[in-house]
Amino acid sequence: MAEIVPLAEAIGAAVHDGDAVAMEGFTHLIPFAAGHEVIRQRRRDLTLIRMTPDLIYDQLIGAGCARKLVFSWGGNPGVGSLHRFRDAVERSWPAPLEIEEHSHAGMANRYVAGASGLPFAMLRGYRGTGLMEAGGPGRDGPQHPSIRAVTCPFTGEILTAVSALNPDVAIVHAQRADTSGNVQLWGITGIQKEAVLAARRSVVTVEEIVPALDPRPDAVVLPAWTVSYVAAAPGGSRPSYALGYYDRDNDAYQAWDQISRDRERFGQWLDTEIFGAARV
Amino acid sequence: MSEHPADYTADEIMTVTAARALRDGRTCFVGIGLPSGAANLARATHAPGLVLIYESGTIGTKPDRLPLSIGDGILAETADAVVSVPEIFNYWLQPGRIDVGFLGAAQIDKFGNINTTVIGDYSDPKTRLPGAGGAPEIAASCREVIVIVRQTRRAFVEHVDFITSVGYGSGPGSRERLGLTGAGPGKIITDLGVLEPDPQTCEFTATGLYPGVTLDQARERTGWDLAAAPGLVTLPPPTATELAALRRFTTRAKE
C-alpha cells in the first residue's frame, strides 16, 4: 500500500546503489524532481532504464550515478544531442557507460512482458537491423543480451523475442494522487503504467494530493496497492510538462544544449541547481 | 542558398516537396524534425484529411503549430485518440494499418537503409547518435516509407555504418527474406530533389531535381554512383500558398 512521504524519504527508501531504475514519462510528465533527488543523494552504479533518456538521464549520467543505460532513443527532442550521454559513450566521462540498446517497440514490449509476469514479449521487429547483434558491436559482434529470433509454434513465422524488464524501482510523475495514495495521470500516458507494474518498487511524484480523485474517462489510474511511495512534488516534471498544470519549457531544452556541452559548465549547474538547492 | 535565386530556401522546397508526397486521406506515422514539418504542412494545405500519428500515442492529431517534440501537449490536446506507447506500436503500427511512415536519417545508403545510431564503429563510435526510437518498426511495417534528409556526402553513403532501419537491405529480395511486411522506402526527398528506387535493382536513382539543380550537383553530394532515372524531371517550385503556410508554422514554432 502506498505510503505518502516527502520526496527525499521516498527516494532514500526506494533507490539503492546498484539498482536498476526506470524513470519513465514519454516527453510528458518526466520525473525531474525525483531524478534530481537521486543525484542529490549521490546514488551510484545504477542501471538506468528509459525509452527516451532525455535531459533527466543526461543529468544523472553526467553526475556519475550510472553504470549502464538501457534505452531506445537518446537525444534532446527537437534540439539535438545529449552531450553528457555522448561524453560518457564516446570518452568514458565521468565513467564508462555500458549500453543496452533497443527500438521503442522493443522497449515497450519488454515493459509489457515485465508487467504481465512473462519472461519475454514478442514482436515483429529488429530483423535485418544492426540492433539484433549490437548490445555490443557491429556486424560480427556478440548476440544482443535481450533480443532473440523465435519461431511461432502455430505458423512457423520467425518473430523477435525481447526479454522482460523488471526494474528494481520505477519512478514516474503524475498529475494527482488522493490521500489514500491512488494515482491518476492523463494526456500522453506513455509507458508509465507498465513500468510501475513491472517494477519491484515504485515512487510516484504528483503535482498535488487531493482528498478524492475526480473520475476521468481517459486517465490511467494506479491503485494505491500497486505503488510503494507517493510524494508531492509540485512542478516536479519541469522542464517537461504536466497537462492541465503547466506547459513544456522549450527554452530550457534549448538552453540545456549549451549547459551540457561543457563539463565545467555542467559541474556548475550541478552545484547550483542540484546541490545548492538542497541546502537552502 | 545561392544556387536558388528565387525567394525560397533549399529547406523550404524540400519540405514542400515532401508534403506533396502525402496524399489526402491517408494515415501517416510521423517522425520528429523534418518529417513533422512536412506532414503538418501537407495537412494545412492540400491534405486536410491526412491522419497524423506520432509514436507518443497520439492518433489523428491536428496541431496548429509545429511540435518541438513528438510528445508535445498540443499533440495530445488535438488528437482523435491518445493511446499508450505499447498500444501505438503493437495495435496500430505492427499489423500494417498505417499507409506511410515518414522518417529522417543521419546516414542513408543506396538501398535506403537508414543509420541513426553511430558514426564509426559501434563499440568505439566517432559520434554517438540518438539511436533507433520508433524508426526500425516504422520502416518495417508501414505500407510505404518516405525519407526526408539533406543531401550531403556524409549522409548519402555507399554503406551505412550501422543499419538502424532497413530499407531494401542488400538489394532485391531482402525485405521478403527478412519478413518485413511493408513495401519499403518509395522516396528519398532531399534539398536537391527526389530519389526513387530502381524497380529492378532497388538502388536509389534521381527521379526529380529542383529548378536550377543539376544532376552533377546531386552526384557530387552522393556517396554512391548516382544514376539518373529515365524521365528525370524538374520538380515544380513551391507555390505562394505553400510557402505562406510553411512560414506560418516556422514562425509559430519559434514563439
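In this text the structure is predicted, and so the values were computed from the model without any measurement. Here is how names work: the chains are called A, B, and so on, in the same order as the sequence lines, proteins then strands, and each is numbered from 1.
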| message | Please identify, among B:Ser141, B:Ala135, B:Gly179, B:Ser56, the residue contributing the most non-hydrogen atom pairs under 4.5 Å to chain A. | response |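 Answer, by heavy-atom pair count under 4.5 Å with chain A: B:Ser56.
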
| Partner chain A: residue of B:Thr58, B:Ile88, B:Asn90 with the largest heavy-atom pair count (under 4.5 Å) | B:Asn90

Part of [X] lying under 4.5 Å from any heavy atom of chain A:
X	value
B:Glu87	neither
B:Leu178	both
B:Asn113	neither
B:Arg175	neither
B:Pro86	both

Is the number of heavy atoms from other residues, nucleotides or ligands within 6.0 Å of [atom1] ([X]) greater than 12?
X	atom1	value
B:Arg154	CZ	no
A:Trp186	CH2	yes
B:Arg150	CZ	no

If I measure from the heavy atoms of chain B, does [X] come under 4.5 Å with its side chain, its backbone, both, or neither?
X	answer
A:Tyr111	neither
A:Arg124	both
A:Met107	neither
A:Gln254	side chain
A:Ile188	both

Is there a side-chain contact between [X] and [Y] (heavy atoms, below 4.5 Å)?
X	Y	answer
A:Leu131	B:Phe162	yes
B:Ser84	A:Lys193	no
A:Leu243	B:Glu77	yes
B:Arg128	A:Leu82	no

Tell me the closest heavy-atom pair linking [X] and [Y], and the distance in Å.
X	Y	answer
A:Val89	B:Pro125	CG1-CG, 4.0 Å
A:Glu101	B:Gly131	OE2-CA, 3.8 Å
A:Phe26	B:Ile70	CE2-CD1, 3.1 Å
B:Val85	A:Ala108	CG1-CB, 3.9 Å

Determine the option with the most heavy-atom pairs under 4.5 angstrom with chain B, choosing from [options].
options	value
A:Ala105, A:Gly128, A:Gly78, A:Gly75	A:Ala105
A:Gly125, A:Gly106, A:Ala121, A:Gly74	A:Gly74
A:Glu194, A:Met51, A:Glu157, A:His28	A:Glu194

Please report the interatomic distance [atom1]([X]) to [atom2]([Y]), rounded to the nearest 0.5 Å.
X	Y	atom1	atom2	value
B:Leu93	A:Leu123	CG	CG	10.5 Å
A:Thr129	B:Ile114	OG1	CD1	12.5 Å
A:Trp73	B:Leu129	CH2	CG	10.5 Å
B:Glu55	A:Thr52	CD	OG1	9.0 Å

| field | Stepwise side-chain contact (heavy atoms from CB on, under 4.5 Å) test for B:Thr127 and A:Arg86 | value | CA-CA 8 Å; B:Thr127 306; A:Arg86 282 187 57 182; 3.3 Å; yes

| query | Is it true that B:Glu137 and A:Arg127 make a salt bridge, defined as a side-chain N closer than 4.0 Å to a carboxylate O? | reply | no

